[in-house]
Amino acid sequence: MFTLEARPRADSPDFAEAGGAYVTCYQKPGFADDPMRRASEFIREQGWVVVAVEDEPAQIDRDEAPNADHFDQALLDDEVYVFNQWPVEDADDQTRH
């Protein structure tokens with residue numbers, strides 16, 4: 001599990017409302033040779049751009065996961081990405097556009 005900070009691209013449907021997001025990334029161990037690259041590709045496919053690494057990838061146990069349901073889902077689907085967005089009108093240090 002690891003966390004990336006991202007912002008929506010101008011052509012993203014989320015651009016008008018989301019100022020940015022912390023993306024919590026769950027990947028099944030061994031799923032990707034380069035977990036950060038795979039997560040960045042997925043985030044880009046959703047119309048977002050990674051702007052910072054908040055937490056480096058680390059293997060965790062279920063009881064250490066912020067959300068056990070997301071952890072379990074990643075074991076089934078190989079990967080789960082949770083976008084914790086903040087609105088554009090929260091114009092503080094986090095807003096990137």
Side-chain angles (χ1 to χ4, degrees):
M1 188 195 90
F2 54 99
T3 306
L4 302 173
E5 183 181 348
R7 65 173 171 77
R9 290 191 322 243
D11 62 346
S12 168
D14 297 313
F15 187 79
E17 295 186 17
Y22 289 110
V23 183
T24 306
C25 308
Y26 298 83
Q27 293 179 355
K28 186 176 182 177
F31 168 66
D33 291 333
D34 186 343
M36 298 274 279
R37 181 176 171 171
R38 173 60 197 136
S40 295
E41 289 170 358
F42 178 87
I43 291 167
R44 198 170 29 255
E45 290 167 2
Q46 306 310 305
W48 290 67
V49 176
V50 174
V51 295
V53 175
E54 292 297 312
D55 299 313
E56 295 288 333
Q59 190 166 335
I60 61 169
D61 293 325
R62 186 178 192 270
D63 61 343
E64 298 170 308
N67 185 304
D69 290 339
H70 294 147
F71 182 92
D72 293 344
Q73 195 64 44
L75 293 177
L76 294 172
D77 296 338
D78 295 328
E79 58 187 341
V80 170
Y81 302 97
V82 182
F83 287 70
N84 301 294
Q85 299 179 16
W86 60 83
V88 169
E89 52 275 355
D90 286 353
D92 60 11
D93 293 347
Q94 294 176 319
T95 303
R96 297 289 183 184
H97 68 79

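Computed from a predicted model, the values in this text were never measured in an experiment.
The heavy-atom pair separating Gln27 from Ala32 by the smallest distance is OE1-CB, 4.0 Å. The two residues Phe71 and Ile60 come nearest to each other via the heavy atoms CE1-O, 3.5 Å. The minimum heavy-atom distance between Trp48 and Ser12, with the atom names listed, is NE1-OG, 4.1 Å. Heavy atoms only, all atoms of each residue included: Ser40 and Val50 are closest at OG-CG2, 3.8 Å. Contact between Ala39 and Leu4 at its shortest, heavy atoms only, is CB-CD1, 4.0 Å.
With values rounded to the nearest 0.5 angstrom, Arg9 atom CZ is found 12.0 Å from Ile43 atom CD1. Taking NZ of Lys28 as the reference point, atom CG of Asp77 lies at 9.5 Å (rounded to 0.5 Å).
No side-chain heavy atom of His70 sits under 4.5 Å from any side-chain heavy atom of Tyr81. A heavy-atom distance below 4.5 Å is found between the side chains of Pro66 and Tyr26. Val82 has its side chain out of reach of Asn67: every pair of non-hydrogen atoms, C-beta onward, lies at least 4.5 Å apart. Taking 4.5 Å as the limit, every side-chain heavy atom of Met1 sits out of range of all side-chain heavy atoms of Asp55.
At a threshold of 4.5 Å between side-chain heavy atoms, the hydrophobic network of Ile, Leu, Val, Met, Phe, Trp and Tyr places Val23 and Val49 in two separate groups. A continuous path of Ile, Leu, Val, Met, Phe, Trp and Tyr side chains, each step under 4.5 Å between heavy atoms, connects Phe42 with Phe2, placing both in one hydrophobic cluster. Tracing side-chain contacts under 4.5 Å through hydrophobic residues (I, L, V, M, F, W, Y), one reaches Phe83 starting from Val53; they form part of the same cluster.
Under a cut-off of 6.0 angstrom, the local environment of CD in Glu45 is crowded, with over 12 non-hydrogen atoms contributed by other residues, nucleotides or ligands. Surrounding CG of Asp11 are more than 12 heavy atoms belonging to other residues, nucleotides or ligands, all under 6.0 Å away. Other residues, nucleotides and ligands place more than 12 heavy atoms under 6.0 Å from the CD atom of Glu54.
Side chain of Gln85 to backbone of Ala18: no donor-acceptor contact under 3.5 angstrom is found.
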